[in-house]
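These numbers come from the heavy atoms of this one structure, side chains and all, not from hydrogens, waters or symmetry mates.
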Amino acid sequence: MTHEIINNKRYNTQDNYLKAKFGCKIAKISLNGGFTCPNRDGTKGVGGCIYCSESGSGDFAGNPCHSVQRQFEEVRAGMDKKWKNAKYMPYFQAGTNTYAPLPVLREKFEAALSLENVIGLSVATRPDCIEKDTLEYLAELSKRTYLTVELGLQSVHDRTGEIINRCCSYAEFLDCYNRLSDKGINTCVHLINGLPGEDRDMMLESVHKVALLRPHSVKLHMLHIIKGTVCEQMYLDGKVNIFTLEDYVNLVCDELEMLPWETVIQRITGDGARDTLVAPLWSVKKFDVINGVDREMNRRGTFQGDKFDG
């Protein structure tokens, strides 16, 4: 297969994909719908995943006390200064964004879709939190707008799931993924590198198994150690190893080579709030990671998908 280098990228970036699809810059606007999680409220567990902050991984989302419209406008004001003539994708990021009765979900999602210059919707959730009526609604949404459902998998290894308090198995992920796929719903799979107890081979195995599913999109990022989390104490106790920038860049390049070209890469690094991030501190310089991956793939002369064996 012949690939084209676009904007110095040897992988299928979300930015390039959306620009080709919609003809302009598409900016994601993170929102907080005020949702909790079943491993926070006692339904399946308490405390949430060991790396999650109190905001439920929504540190850059809006204020849940504000309406969807107000959150959107507050974030968009900053986006408009950065990108002229952009359009927008509301992103329900914090917590589990299908973990509520359908009328609640419908009210919030439709409010976001009604806003000016919105081209679609992104919804982050767990594989065990999409009921039958919600699935039908998401299927209907996907027929009238650009919808992506983001599933937090993090690792295919259930032992890791136990360590991170995920309270959801790989089998449950596969069941949900297949139900979404059968409905033609774009699905993005989240994977985290560097989880406690995992070595490099285990991380690559997660990517390999996800690659065989040929998902619409994938998010790759490193484990962030955030102040006040269980993971912080594990890190202080020497139970969590942190990547060097060089090792992380090399791992991501290996993972990109394993993923099929048509899978959109939504991210290859993560954002940690500077005031709460304990480690890795190099991750706050996001473009050092992105540029490092570009340089390494150029050095190798490889593209995303070169080692895909599906």
Side-chain angles (χ1 to χ4, degrees), residues 7 12-35 55-126 129-130 133-152 180 183-190 215-219 263-267 270-271:
N7 295 327
N12 186 16
T13 70
Q14 166 98 326
D15 190 53
N16 287 337
Y17 173 81
L18 292 177
K19 281 179 179 174
K21 185 175 182 66
F22 295 102
C24 64
K25 170 69 182 180
I26 305 299
K28 252 182 163 179
I29 295 188
S30 294
L31 303 173
N32 190 329
F35 301 106
S55 64
S57 293
D59 298 291
F60 298 99
N63 186 334
C65 296
H66 297 165
S67 69
V68 167
Q69 293 89 336
R70 179 173 172 183
Q71 290 184 50
F72 180 89
E73 293 302 333
E74 288 171 346
V75 178
R76 188 178 73 169
M79 297 285 191
D80 284 345
K81 295 176 183 176
K82 190 173 182 179
W83 295 296
K84 301 299 181 185
N85 303 315
K87 293 187 178 180
Y88 303 97
M89 187 185 305
Y91 173 30
F92 284 89
Q93 178 183 23
T96 300
N97 293 277
T98 58
Y99 189 49
L102 181 56
V104 175
L105 302 179
R106 190 187 299 274
E107 178 184 6
K108 293 180 184 294
F109 295 172
E110 297 297 339
L113 286 169
S114 71
L115 298 169
E116 185 179 5
N117 285 328
V118 163
I119 55 84
L121 191 67
S122 189
V123 177
T125 190
R126 289 167 55 95
C129 289
I130 300 182
D133 58 350
T134 299
L135 179 64
E136 294 301 326
Y137 172 57
L138 293 172
E140 185 265 321
L141 270 184
S142 72
K143 291 185 172 104
R144 60 182 166 94
T145 193
Y146 178 77
L147 173 70
T148 304
V149 174
E150 303 191 8
L151 290 182
L180 290 166
K183 294 290 187 181
I185 298 170
N186 294 330
T187 305
C188 175
V189 181
H190 290 211
H216 173 269
S217 49
V218 163
K219 283 185 174 179
T263 292
V264 178
I265 308 301
Q266 288 207 24
R267 63 165 56 231
D271 296 308

Practice problem: Taking only Lys NZ, Arg NE, NH1 and NH2, and the carboxylate oxygens of Asp or Glu, determine whether Glu150 and Lys28 approach each other closer than 4.0 Å. | Solution: yes
Self-check item: Spacing of Lys108 atom NZ and Asn97 atom CG [to the nearest 0.5 Å]
Solution: 9.5 Å
Exercise. State, yes or no, whether a side-chain contact exists between Leu115 and Tyr88 at a heavy-atom distance under 4.5 Å.
Key: no
Practice problem: Specify the closest pair of heavy atoms between Lys183 and Ser142, including all atoms of both residues, with the distance to one decimal. | Solution: O-OG, 4.4 Å
Exercise. Kindly give the heavy-atom pair with the smallest separation between Tyr99 and Phe35, and that separation in Å.
Key: O-CD2, 4.0 Å
Quiz item: More than 12 heavy atoms of other residues, nucleotides or ligands under 6.0 Å from CD of Glu136: is that the case?
Solution: yes
Practice problem: To the nearest 0.5 Å, tell me how far Cys24 SG sits from Asn117 CG. | Solution: 8.0 Å
Self-check item: Sidechain-backbone polar pair: Gln71 side chain, Asn32 backbone, donor-acceptor under 3.5 Å
Solution: yes
Quiz item: His216: what forms a ring pair (Phe, Tyr, Trp, His ring centres under 6.0 Å) with it, not counting sequence neighbours?
Solution: Tyr17
Practice problem: Answer yes or no: is there an ion pair linking Arg76 with Glu73, defined by an N-O contact shorter than 4.0 Å? | Solution: yes
Practice problem: Could you list the residues that satisfy side chain to side chain donor-acceptor pair (under 3.5 Å) with Asn16, not counting sequence neighbours? | Solution: Asn7, Thr13
Self-check item: Least distance between heavy atoms, Leu31 atom then Val68 atom
Solution: CD1-CG1, 4.0 Å
Quiz item: What pairs with Thr263 under side chain to side chain donor-acceptor pair (under 3.5 Å), at least two apart in sequence or on another chain?
Solution: none
Quiz prompt | Side chain to side chain, Pro90 and Val118, heavy atoms closer than 4.5 Å | solution = yes
Quiz item: So, for Val149 and Ile130, which heavy atoms are closest and what is the spacing to 0.1 Å?
Solution: CG1-CD1, 4.2 Å
Practice problem: Please tell me if the side chains of Tyr146 and Leu18 come closer than 4.5 Å, counting only heavy atoms from C-beta onward. | Solution: yes
Exercise. Look up atom CG in Leu105 and atom CD in Glu110, then write down how far apart they are to the nearest 0.5 Å.
Key: 11.0 Å
Practice problem: For the residue pair Lys19 and Lys25, establish whether any side-chain heavy-atom pair is separated by less than 4.5 Å. | Solution: yes
Quiz item: Less than 4.5 Å apart, any side-chain heavy atom of Phe92 and any of Leu121?
Solution: yes
Practice problem: Would you indicate whether the side-chain heavy atoms of Leu141 and Val123 approach each other to under 4.5 Å? | Solution: no
Self-check item: Spacing of Leu180 atom CG and Thr187 atom OG1 [to the nearest 0.5 Å]
Solution: 4.5 Å
Quiz item: Say you draw a straight line from OG1 of Thr148 to CG of Leu151; how long is it, rounded to the nearest 0.5 Å?
Solution: 11.0 Å
Quiz item: Distance from Arg267 atom CZ to Lys219 atom NZ, nearest 0.5 Å?
Solution: 5.0 Å
Quiz item: Closest heavy-atom contact between Ala27 and Met79?
Solution: CB-SD, 4.1 Å
